[in-house]
Enquirer: 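Take a look at this one; I'll ask things after.
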2 protein chains.
Amino acid sequence: MSFELVVTDIPLLLPMTRADDLGARTDAAVAFADGRVAWVGPSADAPDADRRLDGAGCIGLPGLVDFHTHTVWAGSRADEFQRRLAGATYTEILEAGGGILSTVAATRATPVDGLAALAAARLRRMRARGVTTVEIKGGYGLSVAAEVALLTAAARAGATADVHVLPTFLGAHAVPAEHRGDRSAYVRQVVDRQLPACAPLAWAVDVYCDRGAFDLDESLEILTAGRDAGLRVRAHAEQVAYTGIAAAAAALGATCVDHLERLPASDVGALADHGTVAGLLPGAQLYLHDSAPPVAALREAGVRMAVGSDLNPGSSPVHDLWACATLACLLQGLTVPEALLGITAHAADALGCPDRGRLQVGSPGDLVLVRPPPGEPLHPAALVQQLGGIDVHTVVRSGRAPNGAQ
Amino acid sequence: MSFELVVTDIPLLLPMTRADDLGARTDAAVAFADGRVAWVGPSADAPDADRRLDGAGCIGLPGLVDFHTHTVWAGSRADEFQRRLAGATYTEILEAGGGILSTVAATRATPVDGLAALAAARLRRMRARGVTTVEIKGGYGLSVAAEVALLTAAARAGATADVHVLPTFLGAHAVPAEHRGDRSAYVRQVVDRQLPACAPLAWAVDVYCDRGAFDLDESLEILTAGRDAGLRVRAHAEQVAYTGIAAAAAALGATCVDHLERLPASDVGALADHGTVAGLLPGAQLYLHDSAPPVAALREAGVRMAVGSDLNPGSSPVHDLWACATLACLLQGLTVPEALLGITAHAADALGCPDRGRLQVGSPGDLVLVRPPPGEPLHPAALVQQLGGIDVHTVVRSGRAPNGAQ
């Protein structure tokens, strides 16, 4: 067999293939062929390859997976952040044109090339931190043409930044200004017009089911229509108010249900029964001063937990998925292995692509080599303890070493 | 006048010379001579200089100031972090040899060269984020020789990493194992033996006055002795339990009193009366799940607030001062201008060196050029809203451009 790249002498490799010890191997090597992982084993037995990278001093992991982002947007909410800290109420912000609909207005006013460029700039920062798979939702367009533009921009940005992007249709993110007071007409547009145009561009359908957004019946209608159009199902669930969407979406076959700050213990079993991943978004919890999801109950029930950035301009403007792993420990009570699985294997499960976020023969050729903070040991906990503390040394993407490698 | 460096075309310069608008200038330039700021004005009027840097696309600020760190230590507490998340109690951690005394043991076992190398590695990361002035405490030695070694290592690390370091004597950080049960004998050692040996190496004396550490009388004896030895005074104050140290240290002339989670409103006036800076440490609040200091009362009383990383291996393993500014907004309620002043001008005030943390003629020649996140405007709020979101483009230190500048 001919290998294009081999990374040798990795003192600690965490392939994320097991939940207990993360599949840890010491003194390991990984070889790549045809863009995929083709060999994993002891460094002493590493095969020859066209190129070789030295993993000395590093911990190796699969490319990170950010399973929940809103990376395509235009405009800024920084000024709104400043005004809220200075005492403005949310109502005052809305009356001054702020909030999500200000992002919708700015996004609609930006051509698809501009949206793609902005999203690509954000993806490049994420990739520099070791993230190679990113889910990106629409949802700041809220019209047929604008939602098509967002999904198109997401895909283009992924190609530009060399990140594997999974675009998600989220026409039901908010009710646009022109449909205020006539939500049912907007739901009809989402189902009858947006979905047929967007389904070919998306892998999944999502909905924001909550107080002030879409109710349970509307959400299930949209998710069912999406499923019938061939899309995977997922939902923003139980964030502000309890609606029952988490259990209902799980029963529909959702790959994940996300947020869950208001998930009651009685609904945890539905996630376990259907193999649905619990999507945790600690950045939103931090920015919204919210309470934590029921992590102990989820753990007890054997529900896998993914950890995402929820990158968006308002409630979670957080780029660094490593920082999210730390926040998931501090704010939500995840253990170190849970946090690391949450940004790799379990995040991939949340996306319904379990070959990602794991390093094993046949999986996509995405490997990151990271260094813990100064003086810290090569230990999984040293990747998470210090907020934003690790250095990303090398990102191998699709089996290709970065330029400059020997 | 001859200038060695000029930075031109800075679209937004925030010299931090005023509290309301941060002294903001548009289309500005800064020129340097003899390692200091020698000219600030409109870019159109910028003088010639030996070298020129282009500030296009950036916001310019004075080099950041981290006013409270414990940057010199050896050993790791990452495993302790993992065990606590997995359910171990603090008592179990201590019985297993964890906690601050494990850091003391590892630090004592490391030669001064090793301590300096570890601290320099940490300082380089801080400098890469735009921090050019760092206060570093001893306090993990807890003997005459070991505290001398820590302060020596702090100074060497500053020289190696090219960061302006202010070492602080903190012999009264904890009671070492060999004095357990005889704290008064340790206080005598601190005052009679450590202080005379350490005072020539330090700019200030600090004490950890709290339940489980040193009481108010002991703390005031140590601070008074330090003051009499020519050191500035500061204190860890009102963090775990109220002791009264904040007001008492202010009356002694403390430049700052830090933590303040338990500061009662009735003691805020003492800080205002004595011009003492309130030192806020949001990283420790995050990691210890603590409540916020009384920021509204401090603001109302006109007390300046500094924001520090509190970088240490246990309760605040946070390297990025920009992230601390964001956390100060989110967790403590600071406004955007307060957070930016907190990591610049007011942090310098906390160190008793008001020429730092500000960009004006005569101040040290430390300037950072930063870029807000993709798509964000050149606006102060865009520096703080997104957690760890900014890019540091250029760090000018002591009037010298980095290598590679034209």
Side-chain angles (χ1 to χ4, degrees), chain A residues 73-87 106 110 114 117-125 283 286-287 289 311 313 316-320 323-324 326-327 329-331 333-339 372-377 379-389 391, chain B residues 73-87 106 110 114 117-125 283 286-287 289 311 313 316-320 323-324 326-327 329-331 333-339 372-377 379-389 391:
Chain A
W73 80 84
S76 169
R77 306 263 284 280
D79 186 53
E80 172 184 325
F81 177 80
Q82 172 155 336
R83 282 183 287 150
R84 290 189 75 168
L85 291 170
T110 304
L118 283 167
R122 294 177 187 124
L123 286 178
R124 275 193 213 98
R125 295 160 63 103
L286 174 69
Y287 273 73
H289 305 98
L311 175 61
S316 189
V318 180
H319 288 83
D320 185 2
C324 296
T326 302
L327 291 173
C329 293
L330 293 172
L331 301 178
L334 264 63
T335 64
V336 167
E338 285 170 345
E376 293 295 321
H379 183 289
L383 300 178
V384 178
Q385 184 210 7
Q386 305 199 11
L387 185 71
D391 283 327
Chain B
W73 81 84
S76 169
R77 305 263 284 279
D79 186 55
E80 172 183 326
F81 178 80
Q82 171 155 337
R83 281 183 288 151
R84 289 190 76 168
L85 291 169
T110 304
L118 283 166
R122 294 178 186 124
L123 286 178
R124 275 192 212 99
R125 295 160 64 104
L286 174 69
Y287 273 73
H289 305 98
L311 174 62
S316 188
V318 180
H319 287 83
D320 186 2
C324 295
T326 302
L327 292 173
C329 293
L330 292 172
L331 300 179
L334 264 64
T335 64
V336 167
E338 285 170 344
E376 293 295 320
H379 183 289
L383 300 179
V384 179
Q385 186 212 5
Q386 304 198 12
L387 185 71
D391 283 328

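Just so we're on the same page: letters track the sequence lines, and every chain starts at 1.
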Enquirer: Would you find a donor on one side and an acceptor on the other, under 3.5 Å apart, between the side chain of A:Thr326 and the backbone of A:Val384?
Expert: yes
Enquirer: Based on non-hydrogen pairs under 4.5 Å, which of B:Ala119, B:Pro317, B:Ser76 is most in contact with chain A?
Expert: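 Looking at each of B:Ala119, B:Pro317, B:Ser76 in turn, B:Pro317 comes out on top.
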Enquirer: Working to the nearest 0.5 angstrom, can you tell me the gap between A:Leu85 CG and A:Glu80 CD?
Expert: 10.5 Å
Enquirer: Give a yes or no on whether the backbone of B:Ala381 and the side-chain of B:Glu376 come within a donor-acceptor separation of less than 3.5 Å.
Expert: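 Such a contact is absent between B:Glu376 side chain and B:Ala381 backbone.
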Enquirer: Can you tell if the side chain of B:Leu311 reaches within under 4.5 Å of the side chain of B:His319, non-hydrogen atoms only?
Expert: yes
Enquirer: Chain B heavy atoms under 4.5 Å from A:Pro373: which part of the residue, side chain, backbone, both or neither?
Expert: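 Its backbone and side chain both get close to chain B.
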Enquirer: Atom NE2 of A:His289 and atom CG of B:Leu330: how far apart are they, to the nearest 0.5 Å?
Expert: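 A:His289 atom NE2 to B:Leu330 atom CG measures 5.5 Å (nearest 0.5 Å).
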Enquirer: Between chain B and each of A:Arg84, A:Glu338, A:His379, count heavy-atom pairs under 4.5 Å; write down the option with the most.
Expert: A:His379
Enquirer: Taking side chain to side chain contact (heavy atoms under 4.5 Å, CB included) as the definition, give me every residue that meets it alongside B:Pro380, ordered by chain and number, with sequence neighbours left out.
Expert: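 B:Pro380: side chain to side chain contact (heavy atoms under 4.5 Å, CB included) contacts with B:Leu12, B:Leu14, B:Leu22, B:Val336, B:Leu340.
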Enquirer: Select, from A:Ala339, A:Gly333, A:Gly389, A:Pro377, the one with the greatest count of heavy-atom pairs under 4.5 Å involving chain B.
Expert: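 Between A:Ala339, A:Gly333, A:Gly389, A:Pro377, the count favours A:Gly389.
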Enquirer: Chain B heavy atoms under 4.5 Å from A:Arg77: which part of the residue, side chain, backbone, both or neither?
Expert: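 Both the backbone and the side chain of A:Arg77 come within 4.5 Å of chain B.
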Enquirer: Is A:Leu327 close to chain B through its backbone or its side chain, or both, or neither, when contacts mean heavy atoms under 4.5 Å?
Expert: side chain
Enquirer: Among B:Gly388, B:Cys329, B:Ala382, which residue has the highest count of heavy-atom pairs closer than 4.5 Å to chain A?
Expert: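 Maximum pair count with chain A is reached by B:Cys329.
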